[in-house]
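Note sheet for the following structure.
Labels below follow one simple rule: chain letters A, B, ... track the order of the sequence lines, proteins then strands, and each chain is numbered from 1.
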Amino acid sequence: MATPFSATPKVQSVVMRGIVKRFPGVVANDHVDFDVHQGEVHALLGENGAGKSTLMKILYGLYQPDEGEIQVNGRPVTFASPLDAIRCGIGMVHQHFMLVETLTVAENVALGLPSSRGFVTDLERVAARLRALGEQYGLPVDPHARVWQLSVGQQQRVEILKVLYRGASLLILDEPTAVLTPQEVEDLFRVIRQMVGRGHSVVFISHKLHEVLSISDRITVLRDGRKVGTVRAAATNKAELARWMVGREVTFRPEKAPVTPGPVRLAVEDVHARSDRGTPALVGVSLAVRGGEIVGLAGVSGNGQRELAEVIAGLRPPTQGRVRLLGRDVTAWPADARADLGLAYIPEERMRDGVILPFSVAENFILRDHFKPPFARRGILQPQAILAHSQALIRAYQIKTPGPETPVQHLSGGNIQKVVLARELARAPQVIVAAQPTRGLDIGATEYVHAQLLQQRAAGAAVLLISEDLDEILALADRIAVIYEGRIMDVLPAAEADPQRLGLLMAGVARATG
Amino acid sequence: GGTQQAETQAPEEARPFRIAVVMPSAINDMAFSQSMYEALVKLQQEMGGPDKLEFVYSENMYVVDDAAAAIRDYASQGYDLIIAHGSQYGSSLQEIAPDFPNTSFAWGTTVDTFAEQGIDNVFAYEARSEQGGYVNGVMAAMLSQSGVIGVVGPIETGDAKLYIDGFKAGVMATNPNAQVNVNYIGSFSDVALAAEAAKTHIEAGADVLTGTAQMVVGAVGVAKDHGVLWFGTQADQSSLAPDIVVANQVYDWTVALKPMVENIQNGVRGGEAYSLTLANGGLTIQYNPQFDLPAEVKDAAEATIQGIVNGDIQIPVGGE
Amino acid sequence: MSTRWQQRGRDMLYPLAAAGLAFLMAAGVLAALGASPLQAYAALVKGAFGSRNALAETLVKATPLLLVGLGICIAFRGQVINIGGEGQMIVGALLATALGLAFPHWPGWVMIPLAMLVAMMGGAVWGGIPGVLKAYYNVNEILSTIMMNAIAVQLMNYLLRGPMIDPVQAQRASQIPQTAALAAAYRLPRWVPTRLHLGALLAVVLAVVVYFLLWRTGWGYRIRAVGHNPHAARYAGIPVKRYTVLALVLSGAFAGLAGMVQVYGVNYRMITDGSATGFTGGAGFNGIVAALLGQLHPLGTIPAAVLFGALLVGANAMQRAVQVPSALVTALNGLVVVFVVSSEYFRRRARKRRLLQQTAASAATAVAPSSPED
Amino acid sequence: MGDWGHILLGVLASGIRLATPYLYAGIGETLGQRSGVLNLGVEGQMLLGAFAAFYVTYRTGNVLGGLLAAALVGLLMGLAMAFVSVNLQAEQGISGIGFYLFGLGLSDLLFQKLLGTVDSVRGVPDAVIPGLSDLPVLGELLFRHNWMVYGAYALVPLAWFVLNKTPWGLMIKAAGENPHAADSLGVSVARVRYATVTLGGVLSAIGGASLSVGLLKIFQQNMTSGLGFIAVALVYFGGWRPVGVLLGALLFSLVNALQLWVQVLGLPIPADFAVMAPYVLTIVVLVIVVQRARPPAALARPFERE
Ligand SMILES: Nc1ncnc2c1ncn2[C@@H]1O[C@H](COP(=O)(O)OP(=O)(O)OP(=O)(O)O)[C@@H](O)[C@H]1O
Ligand SMILES: Nc1ncnc2c1ncn2[C@@H]1O[C@H](COP(=O)(O)OP(=O)(O)OP(=O)(O)O)[C@@H](O)[C@H]1O
Ligand SMILES: [Mg+2]
Ligand SMILES: [Mg+2]
């Protein structure tokens, strides 16, 4: 395979020793040792904020360690920038994608590389090589598509190709599976195995223990910036890993008490809607959720889930059809009126849509109620009431924060998610739309969110749970609907659903009868 | 309250006469402010140097309330005469002058000394720039072959309006068939637009141009490039384009300044208005020596000057 | 609490040191021009703070800076860049002046508040147009506010030459483009014998009001929410576009008020020299600088406006005292602005280093301590 | 009819000329903004460039030397702006206003101390292209401007080419849209921004020179008179594309040329309203032709890794 970096040496071993990295107020890495050998998948585990990404960013030259050293192939190195790491054959796929959305795939790949044509870009050549590379690893992409037009899964392919294109033989994959469907995870694992077979090495970060156990050779666990230990995957199990990560026992199967469903609280009738790009996103969707019931909506992202949630929440006008909440036709109601009627909405992209990062925790709690008593009277905010409310929620939801005045941006991802959840659930909702509520959360936080949703179900709320994580849906839902290309393929009782069947439906294979 | 002074008792030799001037643009603007600066330098020489006349200035005081602060500050420093060289400064003077009854102020260009408001320590001075404008107009009309003449102005007020009104009248009196196109560019500083306005005039057939205020230097360059004639005002612009500048109306503010200084030294602090005119030599038409002006044009110009001086020629200016 | 104020105090050192450095650089130029820097800067300080009158002048200069700056705080908190302060001042002043001249015989306590209201409305309209254009037509507000400034200037020139011209001037040949003077009863009360007028006090009161508005009311909450994250604001049911417009409307209203205050408090009539700065003194621009130096905090903008006002007033005094060209003063102001805004970097770095040291020293805690950056 | 044709020709020729300084400054600003840096100091850079070009030309009689001097001054100003916005991560809006004031004051100060008064130079000659310049209509319209006018128009395809066809263009756009992505591929965001901001400074300064030694052949204090700010506005008008900037500059300049004609023809419109026209029209056009471009996502955001 001829890449511009075909001369790049193979990484035979990487050793990080005694790595310390401090941020203001946090020691993100506290004397961490970590190593990877050629042909191995080494997983990195840890709760949110344990320091996984930081350690890998140091290895990739994005951060400089305060203490400690890195050796590649036995020689000590210092990486002043990613360029140095790239030259050593290291590549990284970041937790938050590093793609320029307005550029094409080929342009993103060619970015920063010298052109074979000197002053002029050689995008056709890049595209050709990219196709070849894609074929080789089973990662097909259209080199001329613009990145913003791609699904998340496709974007991830681009990220991996970008790294491979640069001749990397050590790949760092930071939570690559958080946004993938089971099918896509399978594909990714196939690619990883193929790469390892070619003598590459991979660092794999994930919160999903079964993934880690199935793909990796060795596993290192971090907690609060310190290394807890490294084990061979074959020699450990989920429970032990969870204990290492969290420091206590974790239940994987949430307790789901039987609840008799009540009347229909949320009904969507023959809804059609368009996406932001103007293409049809929902084509005649009908769905009903009863009180005391969790309906899971499964599907590969980009099949209309986002639009459906927004139509229900009042953020996207349907071109056709109605939405009923608690029996009332709210199709023409604005978002805040629906919220006041009893709708809670946990948006998928919570950093973007769910919180205002520079606002304090307390301010984020009143995002929906800043004009309502007791938080405001005649438009004037009431600090005491807001503070009391915040303290109560922080306590009830065990949100890790120095105080209600701390800006939300200083909290860890899991705690930010808890802020959104607390805010929405504290309004005693009758209907809850929760989109990907545990994406990116560690097992402790995930466990907590699940418990909360079940508690709301028990309290009689109607819950629409939108998730790509089939395990999550299977564990929580009473009924499961599958969406594909804007249509509901089928609605199954949870008891009749299994991953294979759901997977087929999600892939758009016609109603799997029987 | 202002600083008390007793300048009238002091013998002339005892200390220099002190003038402060506040100007809207820079002392080298080739126009309004430069003419005042040069007048003060000239007056200083005539009076016998810095020992006799001391002067300070604040330039670029286009912000009216900054100018007011400067005027007040100079007044409290005990200057003998404070000149507010800009019509926009009038209302500031009106407010400050009563606080410093022993200090003299001068306001230009206007004829209003605020005597009606009971203020007695303000002089007023103006340039009857329509006079030179008229003379320039006469020459322009005679020199124009196309009969189309272009004028570039800043905004349609004040000194600019006077000059342009006079210029138009001069042209019309000489050649009633001539056409005077006027372009106000809406700014005192946009040289590029002034230049383009000049080009527009030329495109429209003008072969003689004039203009007023500091941004016209841009127009002069255009005239030069196109070999079109130029008449200047406020200062001598011949050096910019010796080939095509025909004549300039030049202001000599000493004609107003000298009697003011004398008055003050004699204990009269204000109340009088001075005009620069062709008659009193405050306005002069300076022919560009490098320009070969036909004799009959020069004669006509001189005759016009004479006519204005002795009152035979009345120039209609004013109201909308 | 006290450590927070200590911190604030320490933070003030950086901009001051930066300004000092700028002055030091300009000292070289002063010396080259044959002026004694020491004497020049002494004159500057004296001109800005040296006497009751100097102090009053500084405050008079600071008043429109503060008023415009308050509007800027609102706009920038709502993430709209309002460069239209100059035009908004002009339009506000035009309306207030027209009102005062149209009804010259009302009691002052009726006219003055009314004129303020009208001026705020004028500024609000002039700011609201770019607001509507931005929210509903995707016209960038930097572009539209720059254009609206130019339009306001020409509108002023037209009105002051024509419909609104002083009747006395209308009859004169020179036709100075100015309005008649306002009735004496309409002048903002002054702290005689200086020019310090009620507007200064009003501006300070309004700074508190804006603080209250932004952080203690639902409307302010919404403006800030929309500014920080329009997506989340929309998800929470806040009408984002309307609040974008509101941010510019309020911002314009404060600039409009600044224009009125200049007329009713300082000049008592409107005069044009053809340019915007001739009337505004550049406050529409410099107010932005003041607000940003005040960290976009209404209360922080108070000292920032006073310091900037002092710089402007003092520099003019320096020009008078040592007869340096005004050009040097302008260049010096520019240097000060660049140096002061750059000093923020060193302040942030020092704070970060301090936190890192604390982190290294103390045992690691899982969550970062609160250090609100706003 | 012939009359109107003549006027139309005049308006077009003048619009083409007037657009020159906007193009230099606007294209420079476009490159800077595409890489994520907002430079509001354009006006100051133009003034210093205008002065440097004029002064050197005046003293040496060598206009190329003058242009070189302008470029050098623009380079220095650009480097200073880059240092402040890239290394010191300063708020770009205010530092730009600071640089504007600095340039405004310094150019005036140097003008007063080194020249003293307004004077003229021969400047950049007009192009006389044998044959072409004598064409009946087109000759006057297109082939009789000074060389700097052609330079300005040549910049448009050049900038388009750099942005869309070269590896540097990719880096510039990436630095402005997602600097973290660029950084993670080893692209030095700082170096890219230094390059564009410095080049922007050079182009602004040349734009100033296109006034002082190109169109006008004089120097006067504050001779740009707000032109630099309009150039910045035109970048927004043009949706951050060189061709868009060209269209904006032409629209603005043509309307300006037209309003001069309106006055010359003595149409009964107050001069103030005529002067207003280009500003009003620029906005109106943006309202009618819906602007779809988004600003570069990282515009005016300093880049920092941690
Ligand atoms: N640039 C930064 N500035 C300040 N603090 C940071 C920065 N990056 C990370 N941190 C802090 O360092 C700690 C470790 O963060 P890191 O991103 O490495 O965690 P992680 O293990 O990857 O967590 P997650 O599973 O949520 O991705 C956290 O407390 C985080 O808040
Ligand atoms: N009566 C006058 N005579 C001569 N010059 C004047 C007069 N009044 C004002 N000026 C000068 O005109 C200049 C400002 O005019 P101009 O309208 O060109 O500014 P501008 O460029 O349009 O300003 P801005 O763009 O900031 O609005 C100042 O230098 C001022 O001193
Ligand atoms: Mg991470
Ligand atoms: Mg102007």
By side-chain contact (heavy atoms from CB on, under 4.5 Å), which residues pair with B:Y57, not counting sequence neighbours?
B:V21, B:M23, B:I27, B:Y37, B:F55, B:E59, C:Q323

CD1/C:I176 to OH/B:Y89 distance, rounded to the nearest 0.5 angstrom?
12.0 Å

Provide the closest heavy-atom pair for C:V266 versus B:D65 in the form atom of the first, atom of the second, distance.
CG1-CB, 3.6 Å

Output, in order, the C-alpha distance, side-chain angles, deciding distance and verdict of side chain to side chain contact (heavy atoms under 4.5 Å, CB included) for B:N60 and C:Q319.
CA-CA 11 Å; B:N60 280 326; C:Q319 192 211 343; over 6 Å; no

Show me the donor-acceptor pairs within less than 3.5 Å that the side chains of residues 112-119 of chain B make with the rest of the protein, sequence neighbours left out.
{"residue": "B:D112", "atom": "OD1", "partner": "B:F114", "partner atom": "N", "Å": "2.9"}
{"residue": "B:T113", "atom": "OG1", "partner": "B:A115", "partner atom": "N", "Å": "3.4"}

Quick one: does C:E57's side chain get under 4.5 Å of B:D73's, heavy atoms only?
no

Side-chain heavy-atom pair C:K61, B:D66 within 4.5 angstrom cut-off
yes

Give, as side chain, backbone, both or neither, the part of B:S58 having an atom under 4.5 angstrom from any heavy atom of chain C.
both

Least distance between heavy atoms, C:R195 atom then B:A68 atom:
NH1-CB, 3.4 Å

Residue pair B:S91 / C:N267: nearest heavy atoms and the distance that separates them
OG-O, 4.4 Å

With rounding to the nearest 0.5 angstrom, report the OG to CD1 distance, C:S275 to B:I155.
8.5 Å

Proximal component of C:R269, with respect to chain B [non-hydrogen, under 4.5 Å]
side chain

What's the separation between atom OH in B:Y79 and atom CZ in C:R320, rounded to the nearest 0.5 Å?
10.0 Å

Show the numbers, then the answer: is there a side chain to side chain contact (heavy atoms under 4.5 Å, CB included) between C:Q178 and B:V64?
CA-CA 12 Å; C:Q178 64 179 28; B:V64 176; over 6 Å; no

At a heavy-atom separation under 4.5 Å, does B:E95 approach chain C through its side chain, its backbone, both, or neither?
side chain

Under 4.5 Å from any heavy atom of chain C - which part of B:V22:
neither

What residue in B:T110, B:T109, B:V111, B:T157 has the most heavy-atom pairs under 4.5 Å with chain C?
B:T157

Measure distances from B:Q94 to the heavy atoms of chain C and classify the residue's part below 4.5 Å as side chain, backbone, both or neither.
side chain

